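Right, one structure below, let's go through it.
Given the structure is predicted, the values throughout are model-derived calculations rather than measurements.
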Amino acid sequence: MCWIVFVALAVLIGCGGGGGGGGGTVTSGGNLVPAPTVTLPSNDASLQFTVVTGQGRRAPGDMVVGMGPTHPLRVSNGPFDVLVVSGPIGATLTSYSLYSVGTTKPIPAGTAQITYTEFPLWLNTLTGTDTNGNNFADWSGSFLSGTFPADVMLHRGRDTTFQFALNDATITGRDNNGPVFDVDIFNQENLNPISGNMESLFSDYVAFDLTSMGGSDRPNIIVGGADGGDCDMLLYTGDSIALSKGFDTNGTLMILDPRIPPFENIDTGRIDSPIIVGGTPTEGTYTLFEPDWRLVDPTQGIIVSLQGRWRPYTQVLGNIGSYMMVVFPNSRDEDDGFTAVYIARNGAGEITAMWQGPARFSGPDANEIRLTRVRDIVSGLEINPAVGSMSAYVNLNGEITSGTFTFVAPPADFPFPLTGSFRVFRK
């Protein structure tokens, strides 16, 4: 499995002046463009460990490794700052499966996020058949496979997933000391080759319904390498962008990495219908698939590689008028390329226009915002962008929470006011 599945998909964050915690409003051409409010329901951060198993071939038999209850999954900053997930996991290494267990962590007042830098991987049980087809008696004990460098960032009100691969190429059997663990293979499959860390990612999408926009203004979803028609929703985490069409069947979800031309980085999956509470849709779930390398044509396989939830933007943002701009930070809190989304709405609150693109707070293009039509999002091409600047930043807990934007001489089809306020999607 490519390391991008676990740690990539990043967009980005920033710095800048001012104090306080709110954003103002600016008028242009008689149109009011207020900064929305973020209405995430919880101040706690959610962390989900997910273990994906299986490699590119089948072993002679099943081999199952247990993590917990003696030493459950955890992340840490040394021996005295440890976040433990209480539930045990029993993972079949030779299957192509996903196992998950989660917890929540309160984020203290005045703190933007919490970071953990270590992943100590303890194994407690092992049973089954090794790669030579030899059966061995059940083993139980305490085996520290290693303490691996990690970059796990927990953000207030957001869902973070920390995912790693474990299979029978990494654990090949057991000897007198316990499991035989190949550290090099584990590192190769799980470390980001650029940072050298195992990295977490945001797994909660914010969805924008585009069905009231004309078909020529919407991007087309790609299903099985073919054009699947106009997408119904665009979804953002700050780490990735997704397109969906329909619900509850495979092939209804397509996920892009916004840093790289998307046709080189497409994953597909399934998006499930939202939960209805009091007649109002609140949230749904999604599942990401990857190729099954056991098959002659791996793309015909369905292997679960990531799961999470999505919510309509109206459930997590408030103070929305005819126009709104929201800027999504990424899970790494990097500062040279957040993703901005600018929408126009009709009197019924339906989205009638949407542009999106990078908003940079540092680097050679600091304070620049570049928006393009969402219909071009799958190609990854920046076609005739609207280029503007950002200023008047407001900070809270050392992070930008809002600011103002101005566009000068945008394309003739730019359907929005040229000035206004934006909100960064942070609790």
- Item | Residues R311 and D204 bridged, charged N to O under 4.0 Å | yes

- Between T161 and S203, do the side chains contain an N or O donor and an N or O acceptor separated by less than 3.5 Å? yes

- Between T37 and N319, a side-chain donor and acceptor under 3.5 Å: no

- Measure up the F164 and F119 rings against each other and bin them: parallel (under 30°), tilted (30 to 60°), perpendicular (over 60°). tilted

- Task: Check whether the side chains of N167 and E189 place a donor and an acceptor atom closer than 3.5 Å, and report yes or no.
- Result: yes

- Query: Between D217 and R375, does at least one N-O distance fall below 4.0 Å, as a salt bridge requires?
  - Reply: yes

- Query: Between R345 and E350, is there a salt bridge with N-O shorter than 4.0 Å?
  - Reply: no

- Message: Checking side-chain polar atoms at under 3.5 Å, does N197 have a donor or acceptor matched by the opposite partner on N192?
- Response: no

- Task: Go through the side-chain N and O atoms of T94 and D168 and say whether any donor and acceptor fall under 3.5 Å apart.
- Result: no

- Any sub-3.5 Å donor-acceptor pair from T237's side-chain atoms to S240's backbone N or O? yes

- Query: What pair of heavy atoms forms the shortest contact from S331 to H155, and how long is it?
  - Reply: O-NE2, 3.0 Å

- Query: If you take all heavy atoms of P329 and V327, which pair is closest and at what distance?
  - Reply: CD-O, 3.5 Å

- Will you find, in the side chains of R156 and T111, an N or O donor that is under 3.5 Å from an N or O acceptor? no

- Please assess Y342 against F416 for the test ring pair (Phe, Tyr, Trp, His ring centres under 6.0 Å), listing each intermediate value before the final yes or no. CA-CA 8 Å; Y342 199 0; F416 308 101; 4.1 Å; yes

- Basic-acidic side-chain contact under 4.0 Å: R218, D232: yes

- Message: Applying ring pair (Phe, Tyr, Trp, His ring centres under 6.0 Å) to Y205 and Y236, what does each step give before you reach the verdict?
- Response: CA-CA 5 Å; Y205 278 100; Y236 292 82; 8.5 Å; no

- Query: Between S142 and T70, does any side-chain donor sit less than 3.5 Å from a side-chain acceptor?
  - Reply: no

- Item | Side-chain ion pair, K105 and D44, N-O less than 4.0 Å | no

- Message: Can a donor-acceptor pair be found, under 3.5 Å and without considering hydrogens, that links the side chain of R373 to the backbone of N384?
- Response: yes

- Task: Heavy atoms only: give me the nearest Y313-G349 pair and the separation to one decimal.
- Result: OH-O, 3.6 Å

- Item | Qualifying residue, where the test is side chain to side chain donor-acceptor pair (under 3.5 Å) with R309 and the options are T282, D159, T285 | D159

- Message: Is the ring pair F49/F162 parallel, tilted or perpendicular, if the boundaries are 30 and 60 degrees?
- Response: perpendicular

- Query: Which pair of non-hydrogen atoms, one from T147 and one from P120, has the smallest distance, and what is that distance?
  - Reply: OG1-CB, 3.8 Å

- Task: Provide the closest heavy-atom pair for P88 versus G68 in the form atom of the first, atom of the second, distance.
- Result: CB-C, 3.8 Å

- What's the spacing between F247 CZ and Y286 OH if we round to 0.5 Å? 15.0 Å

- Query: Taking side chain as C-beta onward, heavy atoms only, is P72 less than 4.5 Å from M67?
  - Reply: no

- Do you know which two heavy atoms are closest between W310 and P274, and how far apart they sit? CZ2-CD, 3.7 Å

- Side-chain touch F425/V38, heavy atoms, less than 4.5 angstrom: yes

- Message: What verdict does the side chain to side chain contact (heavy atoms under 4.5 Å, CB included) test give for F186 and L121, after you've listed the backbone C-alpha separation in whole Å, the side-chain angles of each residue and the deciding distance to 0.1 Å?
- Response: CA-CA 11 Å; F186 184 85; L121 176 56; 4.0 Å; yes

